[in-house]
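Reading through the structure tokens given below for one structure.
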Amino acid sequence: MVGLSISEQHFVKGGIAQDLRTDGRKRLTYRPIYVETGVIPQANGSARVRIGGTDVIASVKAEIGRPSSLQPDKGKVAVFIDCSPTAEPTFGGRGGEELSSELALALQRCLLGGKSGAGAGINLSLLVIKEGKVCWDLYIDGLVISSDGNLLDALGAAIKAALANTAIPKVNVSTEVADNEQPEIDISDEEYQQFDTSGVPVIVTLTKVGTHYIADATAEEESQMSSAVSISVNRSGHICGLTKRGGSGLDPSVILDMISVAKHVSETLMNKLDSEISAAEACEDES
């Protein structure tokens with residue numbers, strides 16, 4: 001946690017109230033975003049995202065698996081987050097473990113629609129190779145390198161960029177196999193297909209400080225928050241997931257207003273992120 005003096009607290013809150021934050025931004029403006037793809041050669045896809053002083057890496061590893069009996073027509077995705085102790089002293093030991101679990105759960109809700117899978121931003125049906133028999137298991141790992149607030153949005157952006165960078169091998173499956181047997185599969189070493197990220201959302205976190213809420217809060221601003229709501233929105237403007245943190249309760253009308261604002265902010269964020277991903281992919285191809 002960032003420790004601020006009383007005067008600094010008044011300065012932060014006063015600036016937000018006047019729509020002029022300490023770094024010169026307006027309440028709903030993001031810091032500069034930088035994207036680099038292909039940062040981990042061993043992964044099927046990877047990306048590094050920096051939003052201001054927050055720096056994160058996400059990687060995607062695809063492995064052959066078997067669909068669950070409850071969802072035989074879908075593949076599986078697991079999200080793991082690690083908060084490096086070098087990013088923040090409080091990340092060492094149990095503090096880092098608790099935050100890592102909290103972020104992983106929030107990302108699971110925002111990207112996969114929670115346990116029910118309703119509104120999932122990642123289409124798990126695309127990961128099925130043979131229904132009930134063979135599927136792709138995607139393991140998404142996120143690493144927090146440097147923390148200056150708004151970790152969830154940064155990790156969500158890095159995962160979206162890593163998925164856009166992900167190439168999955170083409171698989172041929174033997175057709176003649178008994179119902180109780182696993183089919184033989186042949187994984188290509190030469191043919192790959194890009195993962196479809198058209199439905200993958202961006203995450204917009206609105207942090208309530210005083211009577212106002214702000215986008216892309218810094219660590220200083222987060223230290224003064226009463227609560228924060230993270231909303232994942234896809235390109236069509238549909239809500240894929242929502243999660244809240246902070247002890248202060250919110251009136252339902254405030255949450256509905258936050259969702260409306262998040263939809264508006266997500267358009268700008270989505271366009272900026274798409275532009276950065278395209279530029280990063282072009283740089284990777286040239287190198």
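In this text the structure is predicted, and so the values were computed from the model without any measurement.
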Open item on the list: Tell me whether Asp257 contacts the main-chain N or O of Ser253 through its side chain, where contact means a donor paired with an acceptor under 3.5 Å.
Closed with: no
Task: Backbone N/O of Leu138 and side chain of Lys61: donor-acceptor pair under 3.5 Å - done: no
Open item on the list: Rounded at 0.5 Å granularity, tell me how far OH in Tyr30 sits from OG1 in Thr268.
Closed with: 10.0 Å
Open item on the list: Please give the remaining members of the hydrophobic cluster of Ile40, linking ILVMFWY side chains under 4.5 Å, ordered by chain and number.
Closed with: Val39, Ile57, Leu143, Ile145
TODO: Measure from the side-chain N and O atoms of Asp19 to the backbone N and O of Arg27, and report whether any donor-acceptor pair falls under 3.5 Å.
DONE: yes
Task: Any donor-acceptor N/O pair, Arg21 side chain to Ile16 backbone, under 3.5 Å - done: no
TODO: Mind running side-chain contact (heavy atoms from CB on, under 4.5 Å) on Ile231 and Ile203 for me, showing each step along the way?
DONE: CA-CA 6 Å; Ile231 303 145; Ile203 300 174; over 6 Å; no
- [ ] May I ask you to decide if Pro72's main-chain N or O and Lys133's side chain share a donor-acceptor pair within less than 3.5 Å?
- [x] no
TODO: Could you walk me through whether Lys76 and Leu124 pass side-chain contact (heavy atoms from CB on, under 4.5 Å), step by step?
DONE: CA-CA 7 Å; Lys76 302 191 292 292; Leu124 300 181; over 6 Å; no
TODO: Decide yes or no for Tyr34 and Val49: does some side-chain heavy atom of the first lie under 4.5 Å from some side-chain heavy atom of the second?
DONE: no
- [ ] Decide, yes or no, whether a salt bridge links Lys272 with Glu276 under the criterion of side-chain N to carboxylate O below 4.0 Å.
- [x] yes
TODO: Flag yes if Val134 and Leu126 sit in one hydrophobic cluster, no otherwise; membership is Ile, Leu, Val, Met, Phe, Trp, Tyr, and two members link when side-chain heavy atoms are under 4.5 Å apart.
DONE: no
Open item on the list: Keeping Ser223 on the side-chain end and Glu220 on the backbone end, is there a donor-acceptor pair under 3.5 Å?
Closed with: yes
Open item on the list: Nearest 0.5 Å, please: how far is CG in Leu242 from SG in Cys240?
Closed with: 11.5 Å
Open item on the list: Would you compute the distance between atom NZ of Lys208 and atom OG of Ser226 and round it to the nearest 0.5 angstrom?
Closed with: 4.5 Å
Open item on the list: If the threshold is 4.0 Å, N to carboxylate O, is there a salt bridge linking Arg48 and Asp55?
Closed with: yes
- [ ] State, with a plain yes or no, whether a side-chain heavy atom of Arg31 is found less than 4.5 Å away from one of Thr54.
- [x] yes
- [ ] Evaluate whether atom OH of Tyr192 has more than 12 neighbouring non-hydrogen atoms of other residues, nucleotides or ligands under 6.0 angstrom away.
- [x] yes
Open item on the list: Before you tell me yes or no, could you show the steps for Arg66 and Cys135 under side-chain contact (heavy atoms from CB on, under 4.5 Å), namely the whole-Å CA-CA distance, both residues' side-chain angles and the distance that decides it to 0.1 Å?
Closed with: CA-CA 5 Å; Arg66 186 167 185 170; Cys135 72; 5.7 Å; no
Task: Under-4.0 Å salt bridge between Asp274 and Arg235 - done: yes
Task: Close side-chain approach of Phe80 to Ile140, heavy-atom, < 4.5 Å - done: no
- [ ] Using the side-chain hydrogen bond (donor to acceptor under 3.5 Å, both in side chains) rule, pick out the option among Thr207, Thr205, Thr243 that qualifies with Ser230.
- [x] Thr205
- [ ] Taking only Lys NZ, Arg NE, NH1 and NH2, and the carboxylate oxygens of Asp or Glu, determine whether Arg25 and Asp216 approach each other closer than 4.0 Å.
- [x] yes
Task: Heavy-atom check, side chain of Ile33 versus side chain of Leu269, under 4.5 Å - done: yes
TODO: Decide yes or no for Val200 and Asn123: does some side-chain heavy atom of the first lie under 4.5 Å from some side-chain heavy atom of the second?
DONE: no
Task: Side chains of Val144 and Leu151 in contact at under 4.5 Å (non-hydrogen atoms) - done: yes
TODO: Look only at the side chain of Ser236 and the backbone of His238, and say whether a donor-acceptor pair between them is shorter than 3.5 Å.
DONE: no
Task: Between CD1 on residue Ile159 and SG on residue Cys110, distance to nearest 0.5 Å - done: 10.0 Å
Task: Spacing of Ser266 atom OG and Asn271 atom CG [to the nearest 0.5 Å] - done: 9.0 Å
TODO: Check whether any side-chain N or O of Gln224 sits under 3.5 Å from a backbone N or O of Glu221 as a donor-acceptor pair, and report yes or no.
DONE: no
- [ ] Look at Arg245 together with Glu222 and state whether they make a salt bridge at an N to O cut-off of under 4.0 Å.
- [x] yes
- [ ] Please check if any side-chain donor atom of Thr166 sits under 3.5 Å from a side-chain acceptor atom of Asn44, or the reverse.
- [x] no
Open item on the list: Within a 6.0 Å radius of atom NE2 on His212, are there more than 12 heavy atoms belonging to other residues, nucleotides or ligands?
Closed with: yes
Open item on the list: Using only atom types and a distance under 3.5 Å, with no angle test, would you say the side chain of Thr218 pairs donor to acceptor with the backbone of Asp148?
Closed with: no
Task: Lys170 backbone acceptor or donor facing Gln193 side chain under 3.5 Å - done: no
Task: pair Tyr139-Val79: side-chain heavy atoms closer than 4.5 Å - done: no
TODO: May I ask you to test the Met270-Lys160 pair for a side-chain heavy-atom distance under 4.5 Å?
DONE: yes
Task: Nearest-0.5 Å distance, OG of residue Ser227 to CG of residue Leu206 - done: 10.0 Å
